[in-house]
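See below for the structure under consideration.
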Amino acid sequence: MNPPADAPLSDRKACVIGWPVSHSRSPVIHRYWLSEHGIEGDYVRMPVAPDRIEEFLTDFATSGYVGCNVTVPHKEIAFALVPNKEPSALETGSLNTIWLEDGVLHGMSTDGFGFVANLDQQAPGWDRTPGAAVVLGAGGAARPIVWALRARGIERIHVVNRTVGRAEALAAHFGETVRPAGWDSLPGLLSETSLLVNTTSLGMVGQPALEIDLDGLPETAVVDDIVYTPLETALLASARKRGNRIVDGLGMLLHQAVPGFEKWFGQRPEVTPALRQIVLDAMAEG
Ligand code: ATR
């Protein structure tokens, strides 16, 4: 990929925009990579109020930033205002990463990439076990994951959701690879599952627990929870006890940052145990 702007690397600055944005871990990740690569650029938190976001994006070329990440509540307006969107954005209807190219805004969604890259790193060969993928949840977090699973060639993806209509909407959007189901179908699906993914917020600190009986799930199945607070959710703990390979959600957070860094700073960074530890330390500090 080409460097995104003609500025020297040392002058490049990227940011994360949101309202509020003080909770974002992205600066920890990108500053670590900047330092690892010896780039004197910067990555900062940029609070942008809802009544300023349209102006901010419209005038982005004069902001001094080479690009940004977009977080709540600005994702929808960013999707509407960014003129050049990659398939990852167009096909998921969302974007989280923006960069300037020839003075024009471009956008992509890196969540699906991050999800699959994390699986590849933490559970290599996950896509070679026969069986179906079962995705729990059909909200905003499920969409890029289903997109990425399809892009990887997974042929059968069951989307299991409390509100079946939302799972049906995902199936209508993505086509017949995606099969909608209600929560009560889960026990019957488990025996043919090779990948089980929680995309709901259940199990996250402060949320109700995700209570699933994993009886019948093959031992070869990989269980992935995109929740990362706590790092080992009850779902992952029970999967680990049965001998299943488990994948936690922190890796997805780290991997989804890779394509943005490469666009802005021209170098492909790596997700390493050292980066993971630095982000864990930052989370422990609150
Ligand atoms: P996100 O953008 O994080 O995915 P969302 O769009 O609100 O957030 O989706 C949250 C997901 O968690 C949905 O699949 C939701 O199920 P519904 O579509 O039926 O609401 C699921 N979810 C949240 N709380 C739940 C609960 N108590 N039981 C079962 N599913 C729940």
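First listed ligand is number 1; within each ligand, the first listed atom is number 1.
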Original post:
Ion pair present between D248 and R276, side-chain N to carboxylate O less than 4.0 angstrom?
Top reply: yes
Subject >> salt_bridge(R152, D120) N-O dist < 4.0 Å >> reply: yes
**OP:** Test side chain to side chain contact (heavy atoms under 4.5 Å, CB included) on L170 and W147 and set out the steps.
**Re:** CA-CA 10 Å; L170 268 189; W147 177 83; over 6 Å; no
**OP:** Hey, can you tell me if F261 and H37 have their rings parallel, tilted or perpendicular (30° and 60° cut-offs)?
**Re:** tilted
Would you mind listing each N/O atom of ligand 1 next to any protein N/O under 3.5 Å, plus the distance?
| residue | atom | partner | partner atom | Å |
| --- | --- | --- | --- | --- |
| ligand 1 | 2 (O) | G140 | N | 3.3 |
| ligand 1 | 4 (O) | G140 | N | 3.1 |
| ligand 1 | 4 (O) | A141 | N | 2.9 |
| ligand 1 | 6 (O) | G140 | N | 3.1 |
| ligand 1 | 6 (O) | R166 | NH2 | 3.1 |
| ligand 1 | 14 (O) | A138 | N | 3.0 |
| ligand 1 | 14 (O) | N161 | OD1 | 2.6 |
| ligand 1 | 16 (O) | N161 | OD1 | 3.2 |
| ligand 1 | 18 (O) | N161 | ND2 | 2.8 |
| ligand 1 | 18 (O) | R166 | NH1 | 2.9 |
| ligand 1 | 19 (O) | R162 | NE | 3.1 |
| ligand 1 | 19 (O) | T163 | N | 2.9 |
| ligand 1 | 19 (O) | T163 | OG1 | 2.5 |
| ligand 1 | 20 (O) | R162 | NH2 | 2.8 |
| ligand 1 | 27 (N) | R162 | NH1 | 3.3 |

**OP:** Begin from the C-alpha positions of S109 and D111 and carry the test side chain to side chain donor-acceptor pair (under 3.5 Å) through to its verdict.
**Re:** CA-CA 6 Å; S109 166; D111 286 334; 4.7 Å; no
Original post:
Looking just at side-chain N and O atoms, do H106 and E86 make a donor-acceptor pair shorter than 3.5 Å?
Top reply: no
